[in-house]
Colleague: 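Can you keep this structure in mind? I'll have questions shortly.
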Amino acid sequence: MSTTILELIYMASAAGFILALKWMSSPATARRGVLAGEVGMLLAVVGTLLRFEVVDYTWIFAAFLLGSAIGVPLAYKMPMTAVPQRTAISHAFGALAAALIGVAEFYRVTPDRFTMAALSMEVLLGFLTFTASLMAFGKLQEILPTRPITYIGQNVVNLGVLGLAILLGMVLVFDPTQTWLFPVFSLLALTFGVMLIIPIGGADMPTVIALLNSYAGLSASAMGFALDNKLLIVAGALDGSSGFILAVIMCKAMNRSFANVLFGAFGQVQTGTAAKVEARPVRSASHEEAADILGSAQSVVIIPGYGMAVAQAQHKVRELYDSLTRRGVDVRFAIHPVAGRMPGHMNVLLAEANIPYDRLFEMDEINAEFAQVDVALVIGANDVVNPAARNDPASPIAGMPILNADHARTVMVIKRGMSVGFAGIDNELYTMDKTLMLFGDAKGFVAGIVKELSAVHA
Ligand code: NAP
């Protein structure tokens, strides 16, 4: 195929990736964004397969079959709530592929200095991302202990291993003929990936995955320089920068610094405040009472959280929305940036249930209005409405911005019991005088309310 046509295919592919990122930034255009990304990827694969360097398709076809045999069940079998670990395992594969291509390229030709610099970066980031992503997958899937494992001098040891790997990479840049150094360099990168994740707790893992996404992208970009492939440079840079921006957004939403995520030990279960909150009584209510209160309210703000995702209650929530709206109740949804287990988790679920986008409000848009809201209906959310973030400087979530559900006139919380959320701490919202606990599975309880509302209506 002529180089010009290939360049055009690659350019269209890069445009697909850029448009995908642009459109995915709003729920209204997100589906289009996914499609643009898919078309971009298809063009990238087709363009690459048509390159004149490809002399035999046998191995490519075998790899295609093997990859599909792993990828297709992975996509269908893993539930939405397991997306963070699914993302981690995909990064592990992607990063391994980039690193192995770097290794092959190193042994295929003796690289010049510039290529060697790109190869060193590619292999270092690729291998460390591979093992770090596998570790992150293991922790999120609870195959490995989720608690942070720390020891004195850990940061010094970790930085020492990374420093040594970088040093060897630089020596190779100046003298690529020292081939014996390359396996040591690779081994150090693999080891650093494991050591990087050991001190990080399960709660910080989704943020770390966003960061690993960034590393995998940078590795692919470096591969683009090593192989002189412009599309890889562009796609890798987009992946690298978007992963980094996402990690920053997540850190901000949880009020945590990068250094704290990477070197801290957040995520351990706190037992100190638990006793204090549990000792206080809670008021609970039935479907009928909840339906009565909601049906006579003027404004309701629904706050979905991880429990709604677990219960797959979004379609029932849509029915509740319809039922209340028909009665003239103003129903809005308040979305916390880290509600659930991945950024945009709630938006995806509510979009799936066709909740109108203009009813979804970001935390900053709606927080000041809670004082005028009749009912804040919390569905399976916990940490993102925990006033301890504001009131208790000793809390592990101190300073994290939360949704002001406690400012509403009445608060109703649907959850199965008094269990803690992701951060492992109790929630004083449940014991406030204005709070009614609606104990039950989110889907079942919302269905019960909808039934009551329609019975009253009929
Ligand atoms: P959460 O604090 O994890 O609480 C979820 C609550 O849902 C639990 O207390 C649980 O209580 C309840 N629940 C579970 N299954 C349920 C079911 N079937 N029906 C009804 N309730 C159910 O959730 P969140 O408020 O959404 O907060 C998210 C947390 O994840 C934050 O700490 C955030 O920092 C962290 N995080 C999020 C992201 C992200 O990108 N979204 C990334 C990293 C960390 P019961 O067991 O009593 O029912």
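Whatever order the structure lists ligands and atoms in, that order sets their numbers, starting from 1. The residues of the chain are indexed from 1 along the displayed sequence.
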Colleague: Does Gln372 offer a backbone N or O that forms a donor-acceptor pair with the side chain of Arg409 under 3.5 Å?
Modeller: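 Checking the backbone N and O of Gln372 against the side chain of Arg409, a donor-acceptor pair under 3.5 Å is found.
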
Colleague: If I apply the N/O under 3.5 Å rule, does Pro337 come out as touching ligand 1?
Modeller: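 Checking ligand 1 against Pro337, no N or O pair falls under 3.5 Å apart.
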
Colleague: Does the cation-pi check pass for Arg341 over Tyr306, that is, NZ or CZ under 6.0 Å from the six-membered ring centre and within 45° of its axis?
Modeller: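 Yes, Arg341 and Tyr306 form such a contact.
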
Colleague: Using heavy-atom distances only, which candidate in Asp441, Asp383, Ile414 approaches atom 32 (O) of ligand 1 most closely?
Modeller: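 Nearest option to atom 32 (O) of ligand 1, by heavy atoms: Asp383.
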
Colleague: Report, in ascending order of atom number, the atoms of ligand 1 lying under 4.0 Å from any heavy atom of Gly421.
Modeller: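 Going through ligand 1 atom by atom, the ones under 4.0 Å from Gly421 are 1 (P), 2 (O), 3 (O), 4 (O), 9 (O).
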
Colleague: Decide whether an N or O pair under 3.5 Å exists between Tyr430 and ligand 1.
Modeller: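 Between Tyr430 and ligand 1 (N or O atoms, distance only) the closest approach is not under 3.5 Å.
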
Colleague: Would Met250 count as a contact residue for ligand 1, given that I'm defining contact as a non-hydrogen atom of the residue lying under 4.0 Å from a ligand atom?
Modeller: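 Contact present.
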
Colleague: With backbone taken as N, CA, C and O and side chain as the heavy atoms from C-beta onward, which portion of Val420 lies under 4.0 Å from ligand 1: side chain, backbone, both, or neither?
Modeller: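 Near ligand 1, Val420 shows its backbone, while the atoms from C-beta on stay back.
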
Colleague: Looking at Asp433, is its backbone amide N or carbonyl O close enough to the side chain of Arg283 to form a donor-acceptor pair, meaning the two atoms are under 3.5 Å apart?
Modeller: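 Yes.
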
Colleague: Of Lys443, Met400, Met308, Lys415, which has the heavy atom at the shortest distance from atom 47 (O) of ligand 1?
Modeller: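 The option holding the nearest heavy atom is Lys415.
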
Colleague: In the structure I gave you, are the side-chain heavy atoms of Gln154 and Met195 within less than 4.5 Å of one another anywhere?
Modeller: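 A side-chain contact is absent here, since even the closest heavy-atom pair is not under 4.5 Å.
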
Colleague: When you compare ligand 1 with Val338, is there at least one nitrogen or oxygen pair between them that comes in under 3.5 angstrom?
Modeller: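 Min N/O separation from ligand 1 is below 3.5 Å for Val338.
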
Colleague: Any nitrogen or oxygen of Ala381 lying under 3.5 Å from a nitrogen or oxygen in ligand 1? Just yes or no.
Modeller: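 N/O-N/O distance below 3.5 Å does not exist for this pair.
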
Colleague: For ligand 1, which atoms sit closer than 4.0 Å to a heavy atom of Gly305?
Modeller: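 Answer, ordered by atom number: 26 (O).
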
Colleague: With atoms numbered from 1 as shown, which atoms in ligand 1 lie under 4.0 angstrom from a non-hydrogen atom of Gly380?
Modeller: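 Near Gly380, the atoms of ligand 1 are 5 (C), 6 (C), 7 (O), 21 (N).
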
Colleague: Below 4.0 angstrom from a heavy atom of Met342, which ligand 1 atoms are there? Numbered from 1 as shown, please.
Modeller: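 This gives 39 (C), 40 (O), 41 (N) as the contact atoms.
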
Colleague: Donor-acceptor pair, distance only, cut-off 3.5 Å: does the side chain of Ser133 make one with the backbone of Thr129?
Modeller: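 Checking the backbone N and O of Thr129 against the side chain of Ser133, a donor-acceptor pair under 3.5 Å is found.
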
Colleague: Show which atoms of ligand 1 fall inside a sub-4.0 Å distance from at least one heavy-atom site of Pro343.
Modeller: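 Numbered from 1, ligand 1 contributes 39 (C), 40 (O).
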
Colleague: How does Arg341 reach ligand 1, by side chain, by backbone, by both or by neither, if only non-hydrogen atoms under 4.0 Å count?
Modeller: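 Under 4.0 Å from ligand 1, Arg341 contributes backbone and side-chain atoms.
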
